[in-house]
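Throughout, protein chains are lettered first and strands after them, A, B, ... in sequence-line order, and every chain is numbered starting at 1.
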Number of protein chains: 2
Amino acid sequence: MKKPTLDTLAAQVGVSRQTISNVLNKPEKVSPQTRQRVLAAIEAAGYRPSNAARALRTQRTHTLAMRLSNAGDGINGAVMDGFLHALVTAAGLRGYRITLFTAADDSAELDIIREFRDSKAIDGVILTDTHAGDQRPNAIHDLRLPVVAFGRPWDREGEHDWVDVDGAAGVAQATRRLLDDGHTPVGFIGWPDDTGVGADRYAGWARATGYSADQQRRYSTRQLDSPVAGGEAMAKLLDEGVTAVVCASDSLAIGAFGRLRDKGVAGHVVGFDDTPVARMIGLSSLRQPVHEVAKHVVETLLGRISDPEGEPRHILLPPTLQARTVASTS
Amino acid sequence: MKKPTLDTLAAQVGVSRQTISNVLNKPEKVSPQTRQRVLAAIEAAGYRPSNAARALRTQRTHTLAMRLSNAGDGINGAVMDGFLHALVTAAGLRGYRITLFTAADDSAELDIIREFRDSKAIDGVILTDTHAGDQRPNAIHDLRLPVVAFGRPWDREGEHDWVDVDGAAGVAQATRRLLDDGHTPVGFIGWPDDTGVGADRYAGWARATGYSADQQRRYSTRQLDSPVAGGEAMAKLLDEGVTAVVCASDSLAIGAFGRLRDKGVAGHVVGFDDTPVARMIGLSSLRQPVHEVAKHVVETLLGRISDPEGEPRHILLPPTLQARTVASTS
DNA sequence: TTGTAAGCGTTATCAT
DNA sequence: ATGATAACGCTTACAA
């Protein structure tokens, strides 16, 4: 009835415990016949190696840590939700587990990561919500702890690994789509953000439209991230003759969308992140390929764990446009 | 530069490694003076006990496992999102970590849990999304693995620990609130669910209104969980003279809310779960106290870990009504 | 109060 | 191809 161990199993089969360990870790070093015998015994006894013992011996925990970003304003959380699910699945496929932690700010996050490292609790770290001036990647790198970020470093070039979504490419794609559909001019509603995600998305619109500096000013606005702000922005752009816009977020897009409907204007709004809300109200939106991101994050991190000194990897993935039939005139 | 261990520290301080271990685990067994000396050395060296070694010795991992439920239809996911965050925080405060896994169905979940148990990877399990006929609690109990469920067992009485939200009480509260505000009759839009969550919420409405069986039929409907269905249900109830409704979900409520607005009727809709969408459009909703639930889940589970044979604990917490000023006529 | 010894369950190294 | 031996770093007796 008690848990079998290497020793008890070895006694039963009549081999040394080392042989059993070899069957599990280096099957080629053991003869096919005894391998069969051992495997059968393992199966019969339901034997599984002890995690703790293995970790103590190998100095590998097969565990990765990630901070659960500050809970649910929810609207953006949808992306992280999908990412987390994909991440856990991808890691699980490679025999790794994800343990979570929460932290009030970046410095608290670093404290926790340092403690994890010192107590040898994890093999690597996944970073999210990177921002300009982010100290974390370098700090963790200095701890000699493998790390990969979901998100580019927005100031200097990163000497650490990262995977990110190419917001500019996504916005450009959506913008071209609207132009091809005959909408003109195509506007943009973004954030007052000069360095990070917001600037990146704005750049995609500017590139795709090829508008002059003057046109860019007329056909775009920068707002705080809320539906109300999105609605006001849409009102302003309507005055400029803009009926089709790409937005930096679903939150803004929802407001713009509502304003269009209220005014009875036939236009088109594209949001960003393809949140549940967007799906629910039939809003077109740019979907981040969280599944792909998660796979690359895991592969990159495991690669870094097995080769701490290798060249840094940077991966940029395009979002995909979820085009929906929008009943913009109710 | 290398990681300090008990031995290296002991050598530095000039005591046996045992003394250091005692300082950490049974401080009262060591003299105040040497304790100070040791603590200073620990601080200076940045020493932390190795997780793996400690786990191997004590047979406790300080790790709890939870399945990340199948990703994001999103609308409901908001509750789980908040719960997960609160859970990780509550567990962290007690020195426990949460590791996640994903599974296609209940039986796959059990397989993974079994493997965790066999490899001594976890101390306990948190179960969510319990449903009628749920095999998991008993199965895990049979594995002699501490388990607590977020969600009642909906068929038989549970001999396992659980924490749940009292949906009936919440709906009753919201219903009384609408009645007090002068709305009459107050309707209910729920799910075709005879045994579980849906029936529970329905019961709260029936209790608070005191309607006859006939009235209950006229003033309530049961729909699949979608905004469209909610809108259709609202249309039907409007014909019966119902302008105020409580809904079993925000999803239904959003549809009902939209229908009210489209018809230009001044009424009131209350949803369930207080999702981001509800907050965004100004919809009143019943909020599950996920923070409290998480705290109780952790306390209960840790209690069960330290006392496997104790009496089963059942905790029921009321949701709170988030009343919002609804501009139901645009 | 402090030190000594044993063992938790593995895997790596070295012999056979 | 297989087996014996020695860690991995800690905690819980028990002895001094």
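Here A/Arg48 lies in heavy-atom contact (under 4.0 Å) with sugar-phosphate atoms only. When heavy atoms are screened at a 4.0 angstrom cut-off, A/Asn25 is found touching the sugar-phosphate backbone but no base atom.
Summarising the geometry, the separation between CG on B/Asn22 and P on D/dT11 is reported as 9 Å, rounded to the nearest angstrom. The distance between atom NZ of A/Lys29 and atom C1' of C/dC14, rounded to the nearest whole Å, is 11 Å. Protein atom CD1 of A/Ile20 is 13 Å distant from nucleotide atom P of D/dA4, rounded to whole Å. Distance, A/Arg57 CZ to C/dT11 P: 9 Å, rounded to whole Å. Atom CG in A/Asp7 sits about 13 Å away from atom C1' in D/dT5, given to the nearest Å. In this structure, CG of B/Asn51 is placed 10 Å from P of D/dC10, rounded to the nearest angstrom. As rounded to whole Å, 8 Å separates atom P of C/dA12 from atom CD of A/Gln18. Per the geometry, CZ belonging to A/Arg35 stands 11 Å off C1' belonging to D/dA1, to the nearest Å.
Closest to the side chain of A/Pro49, from the set D/dG3, C/dT10, D/dC10, is C/dT10. Of the candidate nucleotides C/dG9, C/dT2, D/dC10, C/dT2 has the atom lying nearest to any side-chain atom of B/Val30.
Side chains of B/Thr89 and A/Thr102: a donor-acceptor N/O pair is present below 3.5 angstrom, by distance only.
Across every non-hydrogen atom of B/Thr63 and B/Ala121, the tightest pair is CB-O, 3.8 Å. Between B/Val165 and B/Gln288, the closest heavy-atom pair is CG2-OE1, 3.3 Å. For the pair B/Asp118 and A/Gly46, the tightest heavy-atom approach, listed with the atom from each and the gap, is OD2-O, 4.0 Å.
Between B/Gln59 and C/dG9 there is a side-chain N or O to OP1 or OP2 distance below 4.0 Å. OP1 or OP2 of D/dT11 sits under 4.0 Å from a side-chain N or O of B/Ser21. Dashed line: the shortest gap from a side-chain N or O of A/Thr58 to OP1 or OP2 of C/dT10 is not under 4.0 Å. Side-chain nitrogen and oxygen atoms of B/Arg54 include none within less than 4.0 Å of the OP1 or OP2 phosphate oxygen of D/dG9. Residue B/Thr34 has a polar side-chain atom (N or O) positioned under 4.0 Å from OP1 or OP2 of C/dT2. In this structure, A/Ser31 does not reach the D/dA1 phosphate: none of its side-chain N or O atoms is under 4.0 Å from OP1 or OP2. Taking only side-chain nitrogens and oxygens, A/Thr19 never comes nearer than 4.0 Å to OP1 or OP2 of D/dT2. Dashed line: the shortest gap from a side-chain N or O of B/Ser50 to OP1 or OP2 of D/dG9 is not under 4.0 Å.
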Using distance only, find each side-chain donor-acceptor pair of residues 294-303 of chain A under 3.5 Å and give its atom names and separation, not counting sequence neighbours.
residue  : atom : partner  : partner atom : Å
A/Glu299 : OE1  : A/Arg94  : NH1          : 2.5
A/Glu299 : OE2  : A/Arg94  : NH1          : 2.9
A/Thr300 : OG1  : A/His296 : O            : 2.6

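Heavy-atom distances to DNA chain C give each of A/Arg17 and B/Ala53 a nearest nucleotide, and the one nearer the 5′ end belongs to B/Ala53. Where B/Gly14 and A/Lys26 meet DNA chain C, the nucleotide closest to each residue was compared, and B/Gly14 sits on the side nearer the 5' end.
Partners of A/Gln18 by side chain to side chain contact (heavy atoms under 4.5 Å, CB included), not counting sequence neighbours, listed by chain and number: A/Ser16, A/Ser21, A/Asn22.
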